[in-house]
Amino acid sequence: MTLLTFRFAPSPNGELHLGHAYSALLNQKLAMHTGGRLLLRVEDIDTTRCTPEFEAGMFADLKWLGLGWEEPVRRQSEHFADYEAVLERLIREELVYPAFMSRGEIRAFIADSERRGRDWPRDPDGVPFYPSADKALPVKERKRRIAENAPFAWRLDIGAAMARAGKDLTWAEFTDETLSATRPVEARPQDWGDVIVARRDIPTSYHLAVVIDDALQRVSHVVRGQDLFSATGVQRLLQEILGLPRPVYFHHRLILGPDGRKLSKSLRDTGLAALREAGASPDDVRKLVGL
Ligand code: GLU
């Protein structure tokens with residue numbers, strides 16, 4: 001029998017809060033109950049916002065909580081070569097294109113289109129789709145701009161990728177925390193438009209690194225917050241076009257702040273370090289998150 005593998009994959013770009021505690025402890029509980037493995041992955045591709053201090057704080061908080069994980073921990077910033085190799089393949093297969101428009105240019109393009117009465121599509125986060133004009137740029141022009149050091153991001157050609165993917169773009173989603181049953185969910189990557197899969201200076205993005213790492217680390221069960229539910233559609237598409245295995249998913253409830261809003265890393269009061277300093281115990285944290 002193959003072991004089930006769970007992972008907790010925080011980004012060290014702020015302090016961990018109760019929402020992270022719930023996610024980490026739920027993964028731990030499920031790994032324990034199923035006799036599975038628990039991995040910790042440091043998602044620090046954003047080298048400007050992620051710092052060694054936040055990472056050290058994250059490890060301290062998780063140890064204090066009583067989380068145990070396998071060593072060595074995978075730190076994404078140490079594996080850019082892995083992501084670059086996959087990116088090269090996507091470039092060769094013409095599934096990505098360099099997108100040169102700046103934020104200002106995108107805004108102006110959309111405003112112009114909306115003035116002419118056209119509703120501009122937005123992704124589930126409310127971000128307008130990238131205008132597809134760059135997709136038509138001749139290869140020579142792309143090369144010229146890249147050689148001139150023009151800023152750009154590699155975007156997935158969502159239409160081409162969906163045409164390439166197999167027909168089955170569903171995933172199995174557990175219906176509750178006990179992981180006793182799943183329901184099929186239809187992935188809708190098209191709702192995100194041409195997402196960014198890599199930057200000029202960083203050969204990956206959140207979506208690309210997550211699917212590559214989940215596959216490399218043989219993660220069988222992705223248990224993470226409900227806020228990532230629709231992003232799973234993009235990740236399923238990447239798995240299909242890259243021929244990667246398909247994990248099963250559980251997108252858990254979010255822990256909300258006293259005002260009913262989603263917790264954020266900038267709200268220090270629900271941060272684990274602040275709770276610990278105020279005298280809370282790991283058991284108090286478990287109770288607070290309902291575990
Ligand atoms: N690194 C992501 C975050 O901190 C989570 C990624 C995932 O669980 O897939 O929000």
Side-chain angles (χ1 to χ4, degrees), residues 4-31 36-51 54-55 57-59 61-62 65 67 69 73-80 83 124-125 171-174 177 179 185 187 189 192 195-197 199 202 204-239 242 244-256 262-267 270-272 289:
L4 306 191
T5 302
F6 295 82
R7 92 299 197 271
F8 176 57
S11 296
N13 57 9
E15 290 177 11
L16 297 188
H17 54 58
L18 280 177
H20 298 106
Y22 172 58
S23 204
L25 291 169
L26 179 60
N27 271 288
Q28 181 188 46
K29 179 176 150 183
L30 293 170
R37 306 167 62 201
L38 177 62
L39 309 179
L40 175 66
R41 186 163 75 222
V42 179
E43 301 213 322
D44 60 348
I45 57 169
D46 184 347
T47 45
T48 55
R49 291 174 63 220
C50 297
T51 67
F54 283 136
E55 188 190 287
M58 205 174 84
F59 284 133
D61 288 346
L62 295 173
L65 266 186
L67 204 80
W69 55 83
V73 165
R74 184 171 172 92
R75 190 179 284 114
Q76 290 187 325
S77 61
E78 293 170 352
H79 298 280
F80 283 162
Y83 311 131
D125 288 340
W171 78 82
E173 174 80 21
F174 285 107
E177 253 182 39
L179 307 191
V185 177
W192 291 91
V195 288
I196 292 180
V197 289
R199 312 239 168 217
I202 300 178
T204 187
S205 64
Y206 158 61
H207 291 303
L208 189 61
V210 161
V211 297
I212 293 173
D213 285 356
D214 283 340
L216 270 174
Q217 298 189 291
R218 298 175 197 276
V219 171
S220 59
H221 287 56
V222 174
V223 174
R224 60 185 178 190
Q226 184 67 34
D227 50 341
L228 291 170
F229 185 87
S230 58
T232 305
V234 175
Q235 295 171 21
R236 277 289 302 120
L237 175 61
L238 288 172
Q239 286 159 357
L242 294 170
L244 302 176
R246 162 190 342 199
V248 280
Y249 291 86
F250 178 55
H251 292 89
H252 58 67
R253 64 188 159 88
L254 298 180
I255 306 291
L256 301 178
K262 203 180 127 184
L263 297 181
S264 116
K265 282 186 175 128
S266 52
L267 296 173
T270 46
L272 297 183
V289 299

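For ligands, and for the atoms within them, numbers begin at 1 and follow the listed sequence. In this text the structure is predicted, and so the values were computed from the model without any measurement.
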Legend entry - Proximity flag R7 to ligand 1, non-hydrogen atoms under 4.0 Å: yes

Legend entry - Nitrogen or oxygen of A9 less than 3.5 angstrom from that of ligand 1: yes

Inset, instruction - Would you confirm whether T5, through its side chain, and R37, through its main-chain N or O, come within 3.5 Å as a donor-acceptor pair? - result: no

Inset, instruction - Mark whether atom 9 (O) of ligand 1 lies under 4.0 angstrom from at least one protein heavy atom. - result: yes

Inset, instruction - Write down the atom of T204, the atom of A209, and the distance for their closest heavy-atom approach. - result: OG1-N, 3.2 Å

Legend entry - Any donor-acceptor N or O pair under 3.5 Å, side chains Q235, Y206: yes

Legend entry - Nearest-neighbour protein heavy atom for atom 6 (C) of ligand 1, which is reported as residue plus atom name and distance: E43 OE1, 3.2 Å

Legend entry - Region of F8 engaging ligand 1 - heavy atom pairs below 4.0 Å: neither

Legend entry - Matching residue for D213 among R218, R7, R41, R75 - test: salt bridge (charged side-chain N to carboxylate O under 4.0 Å, His left out): R41

Legend entry - Any donor-acceptor N or O pair under 3.5 Å, side chains T232, R224: yes

